[in-house]
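The chains referred to below are lettered A, B, ... by the order of the sequence lines, with proteins before strands, and numbering in each begins at 1. Because the structure is predicted, anything quoted here is derived from the model rather than measured. Side chains included, hydrogens not; waters and symmetry mates left out as well; all remaining heavy atoms used.
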Amino acid sequence: MDFAHGRLRRYGSAQMALWLFGKMPECSVLPNEFTFATVINACSILAHLRTGKKIHALVELLGFQSNLVVCSSLVDMYGKCNDVDHARRVFDLMGCRNVVSWTSIIAAYAQNAQGDEALQLFREFNRLMLERPNHFMLASVVNACASLGRLVSGKVAHGAVIRGGYDSNDVIASALLDMYAKCGCVEYSDKVFRRIRNPSVIPYTSMIVAAAKYGLGRMSLQLFQEMIDRRIKPNDVTFVGVLHACSHSGLVDEGLQQLESMHEKHGITPTAKHYTCLVDMLGRTGRLNEAYELAKSIEAEPNQEALLWGTLLSASRLHGRVDIAVEASRRLIDSNQQVVGAYVTLSNAYALNGEWETAHDLRSEMRRTGVRKEPGCSWVEVKDSSYVFYAGDVSSCARGNEVVTLLRELEGKMKQRGYVGGSRGLVFVDVEEEAKEGIVGLHSERLALGFALVSIPKGVTIRIMKNLRMCRDCHEAFKLISDIVEREFVVRDVNRFHHFKSGSCTCRDFW
DNA sequence: AGGCTACATA
């Protein structure tokens with residue numbers, strides 16, 4: 001039954017291709033450039049770096065290292081195996097490149113969280129003016145804009161899509177709607193989505209996930225119903241989206257029902273990732289015991305397991321369940337996964353519970369063992385450039401003095417409205433969100449907001465991206481500031497979107 | 001002649 005899945009079929013064929021390739025020497029048949037391009041593609045599908053490298057060596061041995069198509073497939077293979085450096089090395093050594101080779105390297109960067117490099121290469125490709133970008137390339141470029149949250153660059157790419165006549169392409173439309181959602185413009189996503197004549201499962205899933213991330217759980221469920229009515233078969237990813245939507249909107253019963261129907265009505269067996277959504281759902285709404293029991297009963301691969309216990313850990317922290325937090329972090333640390341996050345979240349859970357000593361001990365242990373945390377940062381896009389802000393770091397903050405003055409001024413006004421930010425407890429609890437302690441007033445998103453307020457004209461929605469979760473205190477502050485300055489802000493954090501307007505947030509404080 | 005490049009999850 002599972003083999004009805006396109007992805008699995010593809011996977012099986014790739015395995016078969018490699019198996020046959022292994023049989024070639026026995027039959028004394030030498031591979032040519034067509035053989036190589038095909039088997040390297042099989043390695044991409046399977047993400048088998050070791051096999052890919054062996055074949056790469058064979059390519060050089062048999063003298064195909066300057067073949068355009070073979071090299072393009074090598075670039076793609078290294079990219080899909082998350083070895084961008086090797087992809088780049090092959091690309092740089094190519095004597096002749098075409099739009100496919102350029103697409104492969106751009107996709108490699110876009111898919112490996114190096115969107116800036118992808119956009120850089122796209123600009124370079126356009127400057128050379130050898131060929132026009134095609135829909136393959138544009139999809140990757142749009143994808144890069146999505147992960148970077150670069151709305152302006154994304155709109156420019158959308159322009160290129162329209163000029164190239166690709167806007168009715170299903171894949172491109174999916175990429176575009178995803179990009180608009182990830183840039184904080186879910187209304188544009190909806191517009192793009194509604195223009196797709198016969199959306200397949202992927203645009204539907206993208207739209208379901210997009211709505212979920214904005215806390216529009218009902219909209220996600222409506223879209224899901226709509227696709228069922230149109231006889232479009234949902235897949236495992238669709239259900240992750242649906243469950244995610246229920247979770248982010250507090251629709252627990254609905255979520256449980258969906259999980260049941262998943263197997264019964266749609267023939268898709270729930271896997272660890274679906275149960276993780278359920279753990280999240282129960283955890284968020286404070287049903288920690290049920291979440292914990294469920295988590296213990298799930299068998300998963302290491303990656304999925306880390307996700308599962310990480311989810312439970314966050315929920316335990318949120319609801320001050322130190323006992324479960326200890327258990328969840330122990331599992332993560334023992335399996336050597338998400339170690340940093342586990343330490344920090346656990347220490348915060350202790351702090352929230354008033355166990356300051358233990359919390360501090362954990363922090364010292366981290367320092368002693370050299371476990372270091374990536375600093376929190378936020379960024380905003382102004383006129384096609386992106387500005388980055390780090391917590392408490394005024395020296396590298398664009399228009400720093402102006403920004404700090406404005407933030408202090410706003411804090412004064414907030415206090416008149418009853419705001420009590422930066423209390424001792426909050427400062428400590430929020431250290432997970434930012435690397436430096438005791439500077440809650442200068443969390444990276446605040447610097448970003450201050451900068452945006454002095455650089456983006458009134459009436460234009462401010463969009464801020466953050467690499468961590470937004471903290472409660474900043475969330476309160478942003479609500480008040482939206483009212484004081486009469487402006488709208490959208491904040492994209494690692495988890496979801498917050499849309500601040502007239503003193504409140506679309507998440508209604510549930511996230 | 002053929003082979004290589006694109007979109008949704010956590």
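- With salt bridges taken as basic N to acidic carboxylate O contacts below 4.0 Å, one links D76(A) and K80(A).
- Between K80(A) and dA6(B) there is a side-chain N or O to OP1 or OP2 distance below 4.0 Å.
- Considering only the side chain of T205(A), dA8(B) comes nearest among dA10(B), dG3(B), dA8(B).
- Electrostatic pairing of K191(A) and E187(A) does not count as a salt bridge here, judged by no charged N lying under 4.0 Å from a carboxylate O.
- Applying the 3.5 Å distance criterion, the base of dC4(B) shares no donor-acceptor pair with the side chain of S73(A).
- Between dA8(B), dA10(B), dT5(B), one nucleotide has an atom nearer to the side chain of K182(A) than all others, and that is dA8(B).
- Checking dC7(B), dT5(B), dA10(B) against every side-chain atom of I202(A), the shortest atom distance belongs to dC7(B).
- For V209(A), counting side-chain heavy atoms from C-beta on, the closest listed nucleotide (dT5(B), dG3(B), dT9(B)) is dT9(B).
- The existence of a salt bridge linking D236(A) and K273(A) is confirmed by a sub-4.0 Å separation between a basic side-chain nitrogen and an acidic carboxylate oxygen.
- In this structure, F91(A) atom CZ and dT5(B) atom P are separated by 16 Å, rounded to whole Å.
- Backbone-only engagement by Q111(A) is indicated by non-hydrogen atom pairs under 4.0 Å involving sugar-phosphate atoms exclusively.
- For H135(A), whose side chain is taken as the heavy atoms from C-beta onward, the closest listed nucleotide among dA8(B), dA6(B), dA10(B) is dA6(B).
- Taking only side-chain atoms of V69(A), from C-beta outward, the nucleotide of dA10(B), dC4(B), dC7(B) with the closest atom is dC4(B).
- The base of dA8(B) lies close enough to the side chain of N235(A) for a donor and an acceptor atom to sit less than 3.5 Å apart.
- In summary, R88(A) and E117(A) engage in a salt bridge, as defined by a charged side-chain N under 4.0 Å from a carboxylate O.
- In this structure, N495(A) does not reach the dA10(B) phosphate: none of its side-chain N or O atoms is under 4.0 Å from OP1 or OP2.
- Comparing dA6(B), dG3(B), dT5(B) by their nearest atom to the side chain of S104(A) picks out dT5(B).
- Distance from the side chain of V171(A) is smallest for dA6(B) among the nucleotides dG3(B), dA8(B), dA6(B).
- N41(A) has a side-chain polar atom (N or O) that falls below the 4.0 Å cut-off from OP1 or OP2 of dT5(B).
- For K273(A), no side-chain nitrogen or oxygen approaches OP1 or OP2 of dA8(B) to under 4.0 Å.
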